[in-house]
Amino acid sequence: MEETSTMPDSAVPGPAPAVPPTPPVPLAALLAREDLGLRQIAGPQDSATVIHWAHTSEMADPYPYLLGGELLLTAGVHVPEAAGSGTYFDDYVSRIVEAGGAALGFGVAPVHDTVPRALVVACDDYGLPLVEVPPRTTFSGVARAVWQLMAQARHTELRRVTEAQQSLAAAAARPDPVPSVLRQLAQRVGGRAALYAPDGGEVASAGRMPAAGAGAGARGEVSGALAGLVAVVRPATGNGSGAGTGDVSAGSGTGKGPGGGGPTPSSASDTAAGVHLAAYALGTGQGFVLGVAAPRRDPGDHTIASVGAVLLSLLTGEHQSSTGAARSSALVRLLLGAAPEEVAPLLGGGERWVVVHARPDGPAPDAVTASALGAALGSALVDVDGDVVRVLVPAGRRELTVQPGWTCGVSAPVGPHEWGSGDTQAGRALSRARATRIRLVSHGEHQGLADLVPPTEAAAHARTVLAPITANPALTETLRTWLSLHGSWDRTAVALSVHRNTVRQRIARCATLLSTDLDDPDVRMELWFALRHA
């Protein structure tokens, strides 16, 4: 009998091939197709039964032609007349099960009017689902339905992965990127996602630890198994680039952990208490690992988790790590008294820099959040100062744009010897941005009448005008902010984080000490000129 198949390769026996890239089709979905009229008449009715392809064979022993996971279709041409009284069907079904066949479809007509009773019994005995194919349904129609369902499943999987990628990328752009990415990942896989530090402790986590049992013991078992899997993929040398992908069975001892004498996998999977576990070594060279626990492994989960691992690698890694040693050297030189202009070349920038002060909309920033902002701005020179992140950015490297979830103030481009002035400019620009509810405010560089006065004369004039209030920095800064905001009490209070009555009291005190009328626009202009050059 000639062998036919809906797959391109009906090969001779050989090593079991990998599962095809197309997602499997639940047998229940095929049975639900009313146009086919299929009916399961024997074997376990398990919703977890899936088929990877359809294959037609009229061989008495189809084993050499099966790859595993098939819906094997036969019209019973190979069945001898006396098959029902011997062991023919037992032998036939056992060979299908041994080859890994997922289900058997038996076509009624033209050879047999009904499915042989002995075949039904054998399928029940061996736990092989048996499907009756009615006369009106061709085997090619069944195969076509399988491929249609696979195409639909593939489309659904790709759409799910694409939506997950978009949501993870959006989460990485939030002010709290690492917790946001973990929350999105946990939501997408329906379980728990955790970031583990090089010492094995949890840095952050999101979601609920799934477990087959409802008790805390089952969850503890899953948590311990996940921590063990994380230890397996963590690089022993701190090098996050693994040597491949490994699948680790619980308690099998096949995984190579630190000091295990073999290559460390970049990812590994395991199961514990019926929960699917996966761990991904982040490619940061820092020893961070992403752990994921999910109640099941759906198509696309590995891809989604891998995207999360890549984003977390970027968020936890040292931006431009090749210059880490140079930055360390620059810090030491500054501490030992070197001038900023001597240190600047070690930082990888040019002759001009801008200082950025940024404040998040949400919680106070941490080191990881600050690092993510620095990466977005193109610099790893980041400092967390309370609820403000300060970033030193080489001027001209990229255009500074609004960062989602942040309010930013940007200085004018300055040389290394003017970094202190740039820091002051950025702080004032941030205060103005917060008061005016503008996401990004830059310190102006435009030329004006004030630039016609020599800087030394302007500074001397400023010292004379502001002498009565110079000893009180709070008065000076309040006057500067109040003038910059056109005398608005409320916006000045917001910018300085004080009560509006405090602003009123300070401005009144300034007017008294300066012996001037602050409602006079000429007075305001002269004071603003002085404050700019103080």
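Values reported hereafter were calculated over all heavy atoms of this structure, with side chains retained and with hydrogens, waters and symmetry mates removed. Worth saying up front: this structure is predicted, and the values here are computed from it rather than measured.
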Participant: Where do Leu475 and Leu513 land on the side-chain contact (heavy atoms from CB on, under 4.5 Å) test, with the steps shown first?
Facilitator: CA-CA 10 Å; Leu475 293 181; Leu513 293 174; 3.9 Å; yes
Participant: What are the two closest heavy atoms between Ala279 and Val289, and how far apart are they?
Facilitator: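 Taking every non-hydrogen atom into account, CB-CG1, 4.2 Å.
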Participant: Which is it for Trp406 and Arg439 under the side-chain contact (heavy atoms from CB on, under 4.5 Å) test, yes or no, and what are the steps along the way?
Facilitator: CA-CA 7 Å; Trp406 294 88; Arg439 284 295 185 180; 5.5 Å; no
Participant: To the nearest 0.5 Å, what is the distance between OG on Ser379 and CG on Leu392?
Facilitator: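 Answer for the OG-CG pair, Ser379 versus Leu392, is 6.0 Å.
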Participant: Between Ser269 and His276, which heavy-atom pair has the shortest distance, and what is it?
Facilitator: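 For Ser269 versus His276, the nearest heavy atoms are CB-CE1, 3.7 Å.
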Participant: Please lay out, stage by stage, how Leu373 and Gln403 fare under the test side-chain contact (heavy atoms from CB on, under 4.5 Å).
Facilitator: CA-CA 8 Å; Leu373 175 65; Gln403 300 299 315; 3.9 Å; yes
Participant: Output yes when a side-chain donor or acceptor of Ser205 lies under 3.5 Å from a complementary backbone atom of Ala194, and no otherwise.
Facilitator: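 Not confirmed, Ser205 side chain does not pair with Ala194 backbone.
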Participant: Enter the distance from Arg188:CZ to Gln165:CD here, rounded to the nearest 0.5 Å.
Facilitator: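 These two atoms lie 10.5 Å from each other.
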Participant: Kindly compute the distance separating CZ (Arg296) from OG1 (Thr271), expressed to the nearest 0.5 Å.
Facilitator: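 Answer for the CZ-OG1 pair, Arg296 versus Thr271, is 16.0 Å.
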Participant: Does any non-hydrogen side-chain atom of Ser488 lie less than 4.5 Å from one of Trp482?
Facilitator: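 No. Closest side-chain heavy atoms not under 4.5 Å.
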Participant: Give me the atom names and distance for the closest heavy-atom approach of Ala370 to Val389.
Facilitator: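 Smallest heavy-atom distance, with atoms named: CB-CG1, 3.8 Å.
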Participant: So do the side chains of Ile507 and Leu518 get within less than 4.5 Å of each other, counting heavy atoms only?
Facilitator: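 They are in side-chain contact.
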Participant: Hey, mind stepping through Glu526 and Arg532 against salt bridge (Lys or Arg N to Asp or Glu O under 4.0 Å) and telling me if it holds?
Facilitator: CA-CA 10 Å; Glu526 184 174 1; Arg532 285 191 60 191; over 6 Å; no
Participant: Should Trp419 and Glu341 count as side-chain neighbours, where that means a heavy-atom distance under 4.5 Å?
Facilitator: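 Side-chain contact under 4.5 Å: no.
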Participant: Strictly by modelled atom types, are Arg183 and Ser180 linked by a side-chain donor-acceptor pair under 3.5 Å?
Facilitator: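 Their side chains do contain a donor-acceptor pair, which is all the 3.5 Å distance test asks for.
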Participant: Got a second to check how far Arg524's CZ is from Asp517's CG, nearest 0.5 Å?
Facilitator: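 CG of Asp517 is found 9.0 Å from CZ of Arg524.
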Participant: Do Asp423 and His357 have side-chain atoms, one donor and one acceptor, less than 3.5 Å apart?
Facilitator: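 There is such a pair between these side chains.
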Participant: So, do Pro413 and Trp353 sit near enough that their side-chain heavy atoms are less than 4.5 Å apart?
Facilitator: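 When only atoms from C-beta onward are counted, Trp353 and Pro413 do not touch, as no gap falls below 4.5 Å.
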Participant: Quick one: closest heavy-atom pair of Ala435 and Leu485, and the distance?
Facilitator: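 Heavy atoms of Ala435 and Leu485 come nearest at CB-CD1, 3.6 Å.
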Participant: Side chain of Thr502, backbone of Val498: donor and acceptor closer than 3.5 Å?
Facilitator: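 Looks like no, no N/O pair under 3.5 Å.
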Participant: Side chains of Val292 and Asp301: does their closest heavy-atom pair fall under 4.5 Å?
Facilitator: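 No - every pair of side-chain heavy atoms lies 4.5 Å or more apart.
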Participant: Would you check if there is a donor-acceptor pair between the side chains of Thr436 and Arg491 at a distance under 3.5 Å?
Facilitator: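 Their side chains do not contain a donor-acceptor pair, so the 3.5 Å distance test is not met.
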Participant: Would you indicate whether the side-chain heavy atoms of Val354 and Val414 approach each other to under 4.5 Å?
Facilitator: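 The answer is no, as the side chains (C-beta and beyond) never meet within the 4.5 Å cut-off.
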Participant: Side chains of Thr478 and Leu496: does their closest heavy-atom pair fall under 4.5 Å?
Facilitator: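 The answer is yes; the side chains approach within 4.5 Å.
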Participant: Nearest 0.5 angstrom please: Ser442 OG to Gln425 CD, how far?
Facilitator: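 Interatomic distance, Ser442 OG to Gln425 CD, rounded to 0.5 Å: 10.5 Å.
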Participant: Would you check, one step at a time, whether the test side-chain contact (heavy atoms from CB on, under 4.5 Å) holds for Leu185 with Val189?
Facilitator: CA-CA 6 Å; Leu185 182 55; Val189 302; 4.3 Å; yes
Participant: Tell me whether Arg480 at atom CZ has more than 12 heavy atoms from other residues, nucleotides or ligands lying less than 6.0 Å away.
Facilitator: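 Yes, the 6.0 Å shell around CZ holds more than 12 heavy atoms from other groups.
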Participant: Please test Ser484 against Arg428 for side chain to side chain donor-acceptor pair (under 3.5 Å), starting from the C-alpha separation and ending with a verdict.
Facilitator: CA-CA 10 Å; Ser484 73; Arg428 292 171 182 166; over 6 Å; no
Participant: Is there a side-chain contact between Arg154 and Met150, using heavy atoms and a 4.5 Å cut-off?
Facilitator: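 Side chain of Arg154 against side chain of Met150, heavy atoms only: no contact under 4.5 Å found.
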Participant: Would a distance-only check, ignoring hydrogens and angles, find a side-chain to backbone donor-acceptor pair under 3.5 Å from Thr424 to Gly420?
Facilitator: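 Answer holds: yes.
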Participant: If you take all heavy atoms of Ala268 and Val233, which pair is closest and at what distance?
Facilitator: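 Shortest heavy-atom contact: CB-CG1, 3.6 Å.
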Participant: Which distance, rounded to the nearest 0.5 Å, do you find between the CG of Asn472 and the CD of Glu477?
Facilitator: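 Here the rounded value is 11.5 Å.
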Participant: Which heavy atom of Leu430 sits nearest to which heavy atom of Ala358, and what is that distance?
Facilitator: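 Where Leu430 meets Ala358 most closely, the heavy atoms are CD2-N, 4.3 Å.
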Participant: For the pair Thr512 (side chain) and Ala508 (backbone), establish whether a donor and an acceptor sit closer than 3.5 Å, ignoring hydrogens and angles.
Facilitator: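 Looks like yes, one N/O pair under 3.5 Å.
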Participant: Less than 4.0 angstrom from a charged side-chain N to a carboxylate O is my criterion; do Glu163 and Arg160 meet it?
Facilitator: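 Between Arg160 and Glu163 there is no salt bridge, as every charged N stays at least 4.0 Å from the carboxylate O atoms.
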